Amino acid sequence: MPFELVPVDAHVHDESGEDIGELLVWTDVGATLAALEFAWITDAMPSSLPPAEQVLLAVR
């Protein structure tokens, strides 16, 4: 089944405001959520998804 990346920018920032990654939202053809990916840019892999207040969202 083909998946599509949802056209949003969902940048993740830590408590101090530093950019630490982004969330990628994937849907299947029927617009059902297929996957949520946290692409981090820090040295240590995160152990969980970020809290909503750390995500800055913008529609492309």
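None of the values given here were measured: they were computed from a predicted structure. Residue numbers start at 1 and run along the sequence shown.
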Beyond-backbone contact of [X] with [Y], side-chain heavy atoms, under 4.5 angstrom:
X   : Y   : result
L24 : L36 : no
V8  : L57 : yes
H11 : D19 : yes

*hydrophobic_cluster_shared for L56 and I41, side chain cutoff 4.5 Å*: no
*Shortest non-hydrogen contact between P50 and V12, atoms and distance*: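 In this case the closest contact between P50 and V12 is CB-CG1, 3.6 Å.
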*Kindly give the heavy-atom pair with the smallest separation between D28 and A34, and that separation in Å.*
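In terms of heavy atoms, the two residues are closest at N-CB, 3.9 Å.
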_Quick check for you: to the nearest 0.5 Å, what is the distance between L23 atom CG and L49 atom CG?_
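CG of L49 is found 6.5 Å from CG of L23.
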_For E15, all residues meeting side chain to side chain donor-acceptor pair (under 3.5 Å), sequence neighbours excluded_ =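 Listed in chain order: Q54.
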_T32 and T27: CA distance, side-chain angles, deciding distance, side chain to side chain contact (heavy atoms under 4.5 Å, CB included) verdict_ = CA-CA 5 Å; T32 301; T27 61; over 6 Å; no
*Test item: side-chain donor near acceptor, E4 and W26, under 3.5 Å*: no
*Assign the ring pair F38 / W40 to parallel, tilted or perpendicular, where the plane angle (0 to 90°) is split at 30° and 60°.*
perpendicular
_Which residues pass the side-chain contact (heavy atoms from CB on, under 4.5 Å) test with L33, not counting sequence neighbours?_
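With neighbours one apart ignored, the set is V25.
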